Student: 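This is the structure I want to talk about, given as structure tokens.
Since this is a predicted model, take the numbers as computed values, not measurements. Throughout, a chain's letter reflects where its sequence line sits, starting with A, and its residues are numbered from 1.
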Amino acid sequence: MKQGDHLFLVDGSGYIFRAYHALPPLTRKSDGLPVGAVAGFCNMLWKLISEARDTSVGVTPTHFAVIFDYSSKTFRNTLYPDYKANRSAPPEDLVPQFSVIREATRAFDLPCIEMEGFEADDLIATYARMAREAGADVTVISSDKDLMQLVGPKVSMYDGMKDRHIGVAEVIEKWGVPPEKMIDLQALTGDSVDNVPGIPGIGPKTAAQLITEFGDLDTLLARAEEIPQPKRRESIIANADKARLSRQLVRLSDDVAVTEDLDSLFLNPLDGPKLIAFLKAMEFTSLTRRVAEATHTEAAEIAAATIAIDSPEAAHGPDLDPGEAGGSPAADGNRPPDGGGGNPGSVAQRRAELAVAAKIDTTAYVTIRDAETLRAWCDAAREAGLFAFDTETTSLDAMQADLVGFSLALPVGTPEAGTFSIRAAYVPLAHITGIGDLLGGGPAEGQMKLDAALAELRMLLEDPSVLKVGQNLKYDMLVMGRHGIRIIGFDDTMLLSYVLDAGRGGHGMDALSATWLGHQPIAYKDVAGSGKGLIGFDQVEIDKATAYAAEDAEVTLRLWHVLKPRLVADGLTSVYERLERPLAAVLMRMEERGISIDRQILSRLSGELAQGAAALEAEIHDLAGESFNVGSPKQLGDILFGRMGLPGGSKTKSGQWSTSAQVLEDLAAAGHPLPRKIVDWRQLTKLKSTYTDALPGFIHPQTKRVHTSFAMAATTTGRLSSSDPNIQNIPVRTAEGRKIRTAFIAEPGNVLISADYSQIELRVLAHVADIPQLSQAFADGIDIHAMTASEMFGVPVLDMPSEVRRRAKAINFGIIYGISAFGLANQLGIERSEAGEYIRRYFERFPGIRDYMDETKAQARENGYVETIFGRRAHYPEIRSPNPQVRAFNERAAINAPIQGAAADIIRRAMVRMEDALEAAGVNARMLLQVHDELVFETAEAEAAKAIPVIVSVMEHAAMPAVAMRVPLRVDARSARNWDEAH
DNA sequence: CCTATCTCTTA
DNA sequence: GTAAGAGATAGGT
């Protein structure tokens, strides 16, 4: 920086508060995120950068920085503990805007400066001095009197909201003293806002008069006796110390050891597209237009950015004390419906309150039976910008479900006007009547034509500017997808709840409604029956269906109003927007594709298994001396431990003899022939019943493929689960079991590709606990279990006995699982004392792991939750249980969750990026399955070689750029005709 | 008919 | 020692 340059220093924190109070409240239309201060801030920055010369500043900046307060605690608190003590917490709808404003600053490509222990004013003073000394001019964008002490020949201030230049003359005019006397003046007057004491009875006018008369504070205090007014004189003499302290408090530090040098504040030309992407995300339409014009950018071609409102990379929570950040930390499970970090006072919060307060009236719903009415509802939904949507079908299985009708719920009015409410309607499409009577039934009266209704609905569902709110929308996306309609632009209340409250209870609509709305919706079984009396939804009377379906939509919309503001308040927006919401559409397509299964292979296997099991059963009955149900653990226990008198190992918690594989193996090892046969019989019958016999039943009648269902909100850690059928527990460990996998095949001319992460959880552990030996071993590609064994037992890696490596491997897994001597002893079949010794030695070699475990436990205990490196939270409300067993269990789970969860986050990120990456590479490979650390694809045989490097690259780089791992991720991938050979 | 228990499969 | 889902049996409703 040199003479002639001009540095603009924006007092960001000061501006935020001023903009918040001066401007009318404004919220992002699509989700109610409060953005009033953000809007004011962006407008100010834009004005400064683009037209400063035309304002009373009169110059164009060459250098620019925005300065923020870091936290409310600074060095001034050590001088005077009560400094700023009477300052109340920022308004709750301003809180989430702090991080957005930092995002805004970055979108403008401006340096965003803050420093722990210092106020923005100190940093401004420091940079102003540095620039002054370099010969440059400085304009401080603020109207705060605390900064006026900086004003001088080279430094002035500018009040952007009033377009007013503040120089030496203006300071004298306003305060009656020149800028360099402002410190003394403030020392006398004090500041009630910042709780600076000053001298009681002395205001700005008197202070200016005194300073002018005596010259400075020290002279005044020394000659206080000369003051003629008795009251004033006594007060100054009595409070001289307070004045001196106050002077220290108001004097700005201009010698902070700042990290950014002046040259790094150089003002670069605007990055139009980057800024526009941000402004679009904020939905600031007129500023978007102005920026587009000025930067000659085609705004329509730029997608709205994903705003990381509190991304893990910047998650220290500036400006906030932890206790103020988002309501109570809520360590324990039971929260009142209005707890957990809402924003009282904001528009969003008003809506949330109203969403809870008004009673739900299921008789007020409308049944839409004609095109005109539906059109009117759809127009109203477009006008509102959001609505809740729910489909009603004939089956829980989305791939088999036929659409019967759909419901809508819309917000009406505004909370400001006190008229906010929700109206909801149901559109019956395929209800039938008269089933069971002799005429055979037919379509019910008063329903719209399916095509006409879907044409109208399509306009809404495919319009990205209208937010669709649903509960488990993946289901509705599958159903609508089968009618050729894509749902674009949505929020899912189930996923919102999952991101906010994983571990605190279920995320189904009934549970959410009970927790947040205190309302119990009509139960499905009350409209469609259950068990033998279960009827399809198409047979439900339309009036009943309307009450049920419209209520679901209304409840969903109310839940959204409660949950969405919490997302912002808790800083979980980026987890939701990057890890959850986009994955729903990806999983939908995977489920839709399904995987091909060879019936013949399974049928042949089933026959072989039946034969083998029958032969074993005969031998078992023979050895037992009587016929009994081998599959009954109770009968088996009676025979083994009662009649045959074998030594019983352990009991189950209900007091039965355990007949677990472990117990039976022990008996077999002791020389008894029967238990081994039982173990073998169990393996065969397990494979037969769970896999070879059950899987063909899942083959879809039309697609001839098997379509699993992935649950996104089932686990506490962030993993997916799979059901109907569960494809995440298809056997692989034994040769017999692996035969099941040969039945999972590619279509003719195609192959399956299996790509799996190598040791992902240990790599995550090496990263989060920062263990140098582990990281080095992974970087060098060394056998990690052998390395562990070598470190622990001093055995060379070369020619290591397999037993030694096995033990180290068990310990490595144990560590991930929150190790206990009891568990490790069980796993290895050794004494608990020996296992304890192993653990002790392990921690001695890898002390960082013990630190990680202790820190994680402490964090869980303190907050009630733990976090992955990507910001996902897992709650453990029972971590403080007085029951030591419960507590220990929760501690182990809490230790495991950041590891398992980060691995789950990584593969989620890979999945979200995968389809675009494959398409960009020009490869037609379809992602079919996810098995925690493995992805399975199907592609034309000729394309496999091209697909594999793309898949591997996406997976290996999935953590970037959010997290730069200290450890490389490795992926193995292979293609083959069936899953067994590909894996 | 529904739910709990036990066992077994996976990462 | 972590995280899941499913099948068979047994017992209560």
Student: Is A/Ser820 touching bases, backbone alone, or none of the nucleic acid, heavy atoms closer than 4.0 Å?
Tutor: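 Base, at least one base heavy atom under 4.0 Å.
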Student: Does A/Ser722 make a side-chain N or O approach to OP1 or OP2 of C/dG5 shorter than 4.0 Å?
Tutor: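 No, A/Ser722 has no side-chain N/O under 4.0 Å of OP1/OP2 on C/dG5.
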Student: So A/Ser754 and A/Arg741, side chain to side chain donor-acceptor pair (under 3.5 Å) or not? Walk me through it.
Tutor: CA-CA 12 Å; A/Ser754 164; A/Arg741 290 200 171 212; over 6 Å; no
Student: Counting only side-chain heavy atoms from C-beta out, which of B/dA11, C/dA3, B/dT7 sits nearest to A/Ser660?
Tutor: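 Looking only at side-chain atoms, A/Ser660 lies closest to B/dT7.
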Student: If you check every side-chain atom of A/Arg892, which of B/dA11, B/dT9, C/dT2 has the closest atom?
Tutor: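 Of B/dA11, B/dT9, C/dT2, C/dT2 is nearest to the side chain of A/Arg892.
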Student: Reckon A/Gln635 has a side-chain N or O less than 4.0 Å from the OP1 or OP2 of C/dA10?
Tutor: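 Yes, such a contact exists.
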Student: Between A/Asn629 and C/dT9, does any side-chain N or O lie under 4.0 Å from OP1 or OP2?
Tutor: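 Yes, within the criterion.
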Student: Nearest to the side chain of A/Ser530, which nucleotide is it out of C/dA3, B/dC2, B/dT5?
Tutor: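 Side chain of A/Ser530 sits closest to B/dC2.
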Student: Considering only side-chain heavy atoms of A/Lys686, which listed nucleotide, B/dC8, C/dA3, B/dA11, is closest?
Tutor: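 When the side chain of A/Lys686 is considered, B/dC8 is the closest of B/dC8, C/dA3, B/dA11.
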Student: When we call it a touch if two heavy atoms are under 4.0 Å apart, what does A/Ile899 touch: a base, just sugar-phosphate, or nothing?
Tutor: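 Contact class for A/Ile899: none.
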Student: Just call it for A/Tyr691: base, sugar-phosphate, or nothing, with non-hydrogen atoms closer than 4.0 Å on any strand.
Tutor: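 The answer is sugar-phosphate, as A/Tyr691 gets under 4.0 Å only of primed atoms, P, OP1 or OP2.
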Student: Please report, rounded to the nearest Å, how far the C1' atom of C/dT9 is from the CD atom of A/Gln656.
Tutor: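 Rounding to the nearest Å, CD of A/Gln656 and C1' of C/dT9 are 11 Å apart.
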Student: Give the rounded distance in Å between these two atoms: CG of A/Asn896 and C1' of B/dA11.
Tutor: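 Result: 11 Å.
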Student: Would you say A/Asp598's side chain and A/Ile601's backbone share a donor-acceptor pair under 3.5 angstrom?
Tutor: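 Present.
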Student: Out of B/dT7, C/dA3, C/dA8, which nucleotide sits closest to the side chain of A/Arg719?
Tutor: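 Shortest atom-to-atom distance from the side chain points to C/dA3.
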Student: For A/Ala894, which contact category applies under a 4.0 Å heavy-atom criterion: base, sugar-phosphate, or nothing?
Tutor: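 Nothing: the residue A/Ala894, judged by heavy atoms under 4.0 Å, touches no strand.
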Student: Whole angstroms only, please: what is the CG-P distance between A/Leu636 and B/dC6?
Tutor: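 Computing the A/Leu636:CG to B/dC6:P distance gives 14 Å.
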Student: Compare side-chain N and O positions of A/Arg733 against OP1 and OP2 of B/dT9 and report whether any pair is under 4.0 Å apart.
Tutor: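 Indeed not, no polar side-chain atom of A/Arg733 lies that close.
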Student: Looking only at side-chain N and O atoms, does A/Ser606 offer a donor or acceptor that is under 3.5 Å from a partner on A/Asp693?
Tutor: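 There is such a pair between these side chains.
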Student: Could you state the atom-to-atom distance from CD of A/Glu761 to P of B/dT10 in whole Å?
Tutor: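 That distance rounds to 16 Å.
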Student: Ignoring backbone atoms, test whether A/Ser632 places a side-chain nitrogen or oxygen under 4.0 Å from the OP1 or OP2 oxygen of C/dA10.
Tutor: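 For C/dA10, OP1 or OP2 has a side-chain N or O of A/Ser632 closer than 4.0 Å.
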Student: Any base atoms under 4.0 Å from A/Ala711, or only sugar-phosphate, or nothing? Heavy atoms, all strands.
Tutor: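 Touches nothing.
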Student: Would you indicate which nucleotide in C/dA6, B/dC8, B/dT9 comes nearest to any side-chain atom of A/Asn726?
Tutor: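 Nearest nucleotide to the side chain: C/dA6.
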Student: Calculate the interatomic distance between A/Phe641 atom CZ and B/dC6 atom P; express it in whole Å.
Tutor: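 Those two atoms, CZ and P, are 14 Å apart.
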Student: Which nucleotide in the list C/dA4, B/dT7, B/dA11 gets nearest to the side chain of A/Thr652?
Tutor: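 Of all the options, the side chain of A/Thr652 is nearest to B/dT7.
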Student: Look at the side chain of A/Thr690 and decide which nucleotide, out of B/dT9, C/dT2, C/dG7, has an atom nearest to it.
Tutor: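 Between B/dT9, C/dT2, C/dG7, the one nearest the side chain of A/Thr690 would be C/dG7.
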Student: Touch check for A/Ala714, heavy atoms < 4.0 angstrom, all strands: base, sugar-phosphate only, or nothing?
Tutor: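 Touches sugar-phosphate only.
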Student: Please state whether the rings of A/Phe537 and A/Tyr524 are parallel, tilted or perpendicular, taking 30° and 60° as the class boundaries.
Tutor: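 Judged by the thresholds at 30° and 60°, the geometry between A/Phe537 and A/Tyr524 is parallel.
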Student: Do A/Arg806 and A/Glu803 meet the salt-bridge criterion of a basic N to acidic O distance under 4.0 Å?
Tutor: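 Salt bridge between A/Glu803 and A/Arg806, a charged N being under 4.0 Å from a carboxylate O: yes.
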Student: Which one, C/dA4, C/dG7, B/dA11, comes nearest to the side chain of A/Asp933?
Tutor: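 Nearest nucleotide to the side chain: B/dA11.
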Student: Name the closest nucleotide to the A/Ser654 side chain, picking from B/dT10, B/dC6, C/dA3.
Tutor: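 The answer is B/dC6, which lies nearest to the side chain.
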Student: Would you indicate what A/Ile816 reaches in the nucleic acid, counting non-hydrogen atoms under 4.0 angstrom: base, sugar-phosphate, or nothing?
Tutor: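 Since no nucleic acid heavy atom lies under 4.0 Å of A/Ile816, the category is nothing.
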Student: Please state how far atom CD1 in A/Ile819 lies from atom P in C/dA3, giving the value in whole angstrom units.
Tutor: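 Value for this atom pair: 16 Å.
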Student: Strictly under 6.0 Å, is that where the ring centroids of A/Phe793 and A/Tyr838 end up?
Tutor: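 Yes, they do, as the ring centres are separated by less than 6.0 Å.
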Student: For a quick check under 3.5 Å, do A/Gln400 and A/Ser395 share a side-chain donor-acceptor pair by atom type?
Tutor: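 Judged by distance alone, the side chains do not pair up.
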Student: Using a 4.0 Å heavy-atom cut-off, does A/Gly814 contact any base of the nucleic acid, only the sugar-phosphate backbone, or nothing at all?
Tutor: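 Base contact.
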Student: Taking atom P of B/dT9 as reference, at what distance in whole Å does atom NE2 of A/His932 sit?
Tutor: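 Computing the A/His932:NE2 to B/dT9:P distance gives 16 Å.
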Student: Taking atom C1' of C/dA10 as reference, at what distance in whole Å does atom CZ of A/Phe628 sit?
Tutor: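 These atoms are roughly 17 Å apart.
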Student: For C/dA3 and A/Thr715 - does any side-chain N or O of the residue sit under 4.0 Å from the phosphate oxygens OP1/OP2?
Tutor: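 Negative; the distance criterion is not met.
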